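So the structure is just underneath, and the comments pick up after that.
Throughout, protein chains are lettered first and strands after them, A, B, ... in sequence-line order, and every chain is numbered starting at 1. Values in this document were obtained by computation on a predicted structure and should not be read as measured data.
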Number of protein chains: 2
Amino acid sequence: MGHAISNSEKAFNALGDPTRRAIFEKLRTSPLAVVDIAEGLPVSRPAVSQHLKVLRDAKLISINQQGTKNIYQVDRDGILAMRNYLDKFWDEALGAFKLLAEQEEKNHE
Amino acid sequence: MGHAISNSEKAFNALGDPTRRAIFEKLRTSPLAVVDIAEGLPVSRPAVSQHLKVLRDAKLISINQQGTKNIYQVDRDGILAMRNYLDKFWDEALGAFKLLAEQEEKNHE
DNA sequence: ACTAACGGTAAGCTAATACTTACCAAATAG
DNA sequence: CTATTTGGTAAGTATTAGCTTACCGTTAGT
């Protein structure tokens, strides 16, 4: 078996697709049933189902079954985790940049 | 012409690919020449060049030509912009969640 | 029980995109 | 001047992944 993929990796992949971002945007406002999510989007309802699966697998959204309706909503914990991860991600990138700038400084004095 | 794509959209797309993330990871530590970036990666050097173009177009990295060497490094301004964008992105998602929780609360009292 | 609404999954097609090889230009070293 | 290093671009291939249609199971309403 190939090694497991982390949640942050999955989240990056999930948000890499514009249609999935559009879906996530919709759910950011309020929870919605699948039909309502598909409404207005330029793709079919089954396509939306497939995207929802990917977003759910990345822990960015969660499901809430109500009768025949599957209500999707943003996943608080998953989003907090991703946000946390990204904070470090950017911090490290900018940290390396800062370090570099300081070395530059040193070379010029 | 089709409408322009924003930098944040480009950044999402750019980081959606695992190889590009690996490249960005390498640059997060320190600036590197193209050969050094390709070193260890499971793809050819031209493939790396193509990925670098995408990352550069998304303003996540910048180039610094030195002789025959093209030194790539993380782009401070682009990263700050993306970070700023994402902060709002998550805030809004969590805000909607919070609002929902409060309404739930109200229904149960 | 019948019907309608909701939505997940499978199979297959298609389009996007990641990758390779081949080639070329620019800069540096000898 | 020649040889080497570096790396970008073009063309073509191949794999990925998003999309569609078709189908089926589940729940709710009449």
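Across all strands shown, Arg20(B) has heavy atoms under 4.0 Å from sugar-phosphate atoms exclusively, and none from any base.
The minimum heavy-atom distance linking Ala93(B) with Val74(A) is given by the pair O-CG2, 3.7 Å. Here the closest non-hydrogen pair linking Ile71(B) and Pro31(B) is CG2-CB, 3.7 Å. Closest non-hydrogen pair, Pro18(A) versus Asn13(B), comes out as CD-OD1, 4.2 Å. Residue Ile37(B) comes nearest to Val48(B) through the heavy atom pair CG2-CG1, 3.8 Å, listed as atom of the first residue, atom of the second, then distance.
Atom CZ of Phe12(A) and atom C1' of dA17(D) are 20 Å apart (whole Å). The CG atom of Asn13(A) sits 12 Å away from the C1' atom of dT16(D) (whole-angstrom rounding). Distance CG (Asp57(A)) to P (dA17(D)): 14 Å, rounded to an integer number of Å. In this structure, CG of Asn70(A) is placed 14 Å from C1' of dA28(D), rounded to the nearest angstrom. When the C1' atom of dG25(D) is taken as reference, atom CD of Gln65(A) falls 12 Å away, rounded to whole Å. Atom NE2 in His51(B) sits about 15 Å away from atom C1' in dG7(D), given to the nearest Å. Between Asp17(A) atom CG and dG18(D) atom P the separation is 5 Å, expressed in whole Å.
Annotation: the span from Tyr72(B) atom OH to His51(B) atom NE2 amounts to 13.0 Å, rounded to 0.5 Å. Distance check: Leu55(B) CG to Lys53(B) NZ gives 13.0 Å after rounding to the nearest 0.5 Å. Annotation: the span from Ser30(B) atom OG to Gln73(B) atom CD amounts to 10.0 Å, rounded to 0.5 Å. Atom CG of residue Leu86(B) and atom CG of residue Asn84(B) lie 9.5 Å apart, to the nearest 0.5 angstrom.
Which of dT21(D), dA28(D), dG7(D) sits closest to the side chain of Thr68(A) comes down to dA28(D). Ranking dG8(D), dT20(D), dG18(D) by closeness to the Ile63(B) side chain, first place goes to dG8(D). Of the candidates dC19(D), dT6(D), dA10(D), dA10(D) carries the atom nearest the Gln50(B) side chain, counting heavy atoms from C-beta on.
In this structure a side-chain-to-backbone donor-acceptor pair under 3.5 Å is present from Arg21(B) to Leu15(B).
Reading DNA chain C from its 5' end, the first and the last nucleotide to sit under 4.0 Å from a heavy atom of chain A are dC6(C) to dA10(C).
When the side-chain nitrogen and oxygen atoms of Thr19(A) are compared with OP1 and OP2 of dC19(D), one or more of them lie within a distance under 4.0 Å. The phosphate of dT21(D) (OP1 or OP2) has no side-chain N or O of Arg45(A) nearer than 4.0 angstrom.
Between Phe12(A) and Phe89(A), the two ring planes are tilted [angle within 30° to 60°].
Nearer the 5' end of DNA chain D, as judged by each residue's closest nucleotide, is the contact made by Val48(A), out of Gln66(A) and Val48(A). Between Lys69(A) and Gly67(B), it is Lys69(A) whose nearest contact on DNA chain C lies nearer the 5' terminus.
Note on the helix from dA1(C)-dT30(D) to dG30(C)-dC1(D): terminal axis deviation equals 20°, with five pairs used at each end and the result rounded to 10°.
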